[in-house]
Amino acid sequence: TVVCLRSASKYCGRMLDLSADVVSLTAALVDIPSESRHEQRIADAVERALRPLEHLEVLRFGNTVVARTHLGRVERVVLGGHLDTVPAADNLPHRVEGDRLYGLGANDMKGGVAVGLRCAHEVREPVRDITYVFYECEEIDDEANGLRRLSVENPGLLEADFAVLMEPSDAGVEAGCQG
C-alpha cells in the first residue's frame, strides 16, 4: 500500500497506508478533498483501508464508516472523528514547514482521524472492545450530521462505556462539551 501525497486535485485514490507514521497518514488524508457534503472520496479511502483488517467488522452508512471489534470484552470504547472539512481556502494540498504540517483539516479533524486509523490498524487485541466512527457532515447543520443520524438510525453501534470524540480543543480535554 502507498500513502498518496500528491496534490488534492490529483488525489490518486490509492489505498491509505495505515502502517505509515501518523504525520504521513494525516498528510494523505488532508490531500483528499472532503468539504461537507462531499465526503465520498475520503469515506471510500477510509473504508478501503479498514476492510482488510480481519479483527474489525466494517460497516458503511452513507459517508459514515464504522469499524468495531467483537472480542467479547466486558467494556466498549467508542473513538470518533469527522471526515468533513470547512470549504477550502487556498490550503490544499498539504505543506510542511519545519516540523509542522499545514493544510485543510490538518488539525480539525484529519489529524484525529489519522490517530483513529492508526489505532484501528495497530491495536488488534484491545483490553476493551472498540468502535471507531468516522462520520460525515460535522461542520454544517445538525440534520446532515452523520453521527447524529447514526445515533437515530443505528443507536446500538454507539453503545459504549466511554467515548472519545477527537475534536481538537487546544491540547486539552473537555468532558461533556457540545461543539
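If you read the sequence from its start, that first residue is 1, and numbering goes on from there.
Two residues are said to be in side-chain contact when any heavy atoms from C-beta on lie closer than 4.5 Å; Glu47 and Val58 meet this criterion. Side-chain contact between Leu18 and Leu53 is present, with at least one heavy-atom pair separated by less than 4.5 Å.
Note that OH of Tyr135 and CG of Leu83 are 9.5 Å apart. Values are rounded to the nearest 0.5 Å. In this structure, His70 NE2 and Glu57 CD are separated by 3.5 Å, a value rounded to the nearest 0.5 Å. The CG atom of Leu50 lies 6.0 Å from the CZ atom of Phe134; values are rounded to the nearest 0.5 Å. Separating the CG atom in Leu79 from the CE atom in Met166 is a distance of 4.0 Å, to the nearest 0.5 Å. In this structure, Lys110 NZ and Asp31 CG are separated by 8.0 Å, a value rounded to the nearest 0.5 Å. Atom CG of Asp141 sits about 9.5 Å away from atom CZ of Arg148, to the nearest 0.5 Å.
Cluster membership check: Val164 does not share its hydrophobic cluster with Leu147, using side-chain heavy-atom separations under 4.5 Å among Ile, Leu, Val, Met, Phe, Trp and Tyr. Side-chain heavy atoms closer than 4.5 Å link hydrophobic residues (I, L, V, M, F, W, Y) into clusters, and following such links, possibly through other members, connects Phe162 to Tyr132. Val66 and Val113 end up in different hydrophobic clusters when Ile, Leu, Val, Met, Phe, Trp and Tyr side chains are linked at under 4.5 Å. Linking Ile, Leu, Val, Met, Phe, Trp and Tyr whenever their side-chain heavy atoms come within less than 4.5 Å leaves Val78 and Val115 in two separate clusters.
Annotation: Glu97, atom CD; neighbour count of heavy atoms from other residues, nucleotides and ligands within 6.0 Å is above 12. Within a 6.0 Å sphere centred on CD of Glu122, other residues, nucleotides and ligands contribute more than 12 heavy atoms.
A side-chain donor-acceptor contact under 3.5 Å links Glu39 to the backbone of Arg37. At distances below 3.5 Å, not a single donor-acceptor pair connects side-chain atoms of Arg149 with backbone N or O atoms of Glu143. Between the side chain of His38 and the backbone N or O of Asp84 there is no donor-acceptor pair closer than 3.5 Å. With Arg76 contributing its side chain and Thr69 its backbone, the two residues share a donor-acceptor pair below 3.5 Å. In this structure, the side chain of Asn154 does not engage the main chain of Leu157 through any donor-acceptor pair within 3.5 Å. A distance-only check finds no donor-acceptor pair linking the side chain of Asn91 to the backbone of Tyr102 [under 3.5 Å]. Checked by atom type and distance alone, the side chain of Arg128 never pairs as donor or acceptor with a backbone atom of Glu75 at under 3.5 Å. In terms of modelled atom types and a separation under 3.5 Å, the side chain of Arg73 and the main chain of Pro126 share a donor-acceptor contact.
A salt bridge is defined here as a Lys NZ or Arg NE, NH1 or NH2 lying under 4.0 Å from an Asp or Glu carboxylate O, and Asp44 with Arg60 meets this definition.
The heavy-atom pair separating Gly105 from Thr85 by the smallest distance is CA-CG2, 3.9 Å. Of all the heavy atoms in Ala144 and Cys137, the pair that sits closest is O-CB, 3.1 Å. Residues Leu104 and Val30 approach most closely at O-CG1, 3.6 Å, considering heavy atoms. Residues Ser34 and Ile42 share a closest heavy-atom pair of CB-CG2, 3.6 Å. Considering every non-hydrogen atom in both Ala43 and Val65, the closest pair reads O-CG2, 3.7 Å. When all heavy atoms of Gly111 and Thr26 are compared, the closest pair comes out as CA-OG1, 3.6 Å.
Side-chain polar atoms of His82 and Asp108 form a donor-acceptor pair below 3.5 angstrom.
Of the residues Ile130, Asp129, Leu59, Leu56, the one that meets the side-chain contact (heavy atoms from CB on, under 4.5 Å) test with Arg68 is Leu59.
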Kindly indicate, with the supporting measurements, whether the criterion side chain to side chain contact (heavy atoms under 4.5 Å, CB included) is fulfilled by Thr131 and Leu158. CA-CA 8 Å; Thr131 301; Leu158 298 176; 5.6 Å; no
Step by step, would you call Leu25 with Asp17 a side chain to side chain contact (heavy atoms under 4.5 Å, CB included)? CA-CA 7 Å; Leu25 184 53; Asp17 182 357; over 6 Å; no
So Asn63 and Gln40, side chain to side chain contact (heavy atoms under 4.5 Å, CB included) or not? Walk me through it. CA-CA 6 Å; Asn63 290 320; Gln40 182 173 346; 3.7 Å; yes
Which is it for Leu29 and Leu117 under the side chain to side chain contact (heavy atoms under 4.5 Å, CB included) test, yes or no, and what are the steps along the way? CA-CA 11 Å; Leu29 291 165; Leu117 290 171; 4.1 Å; yes
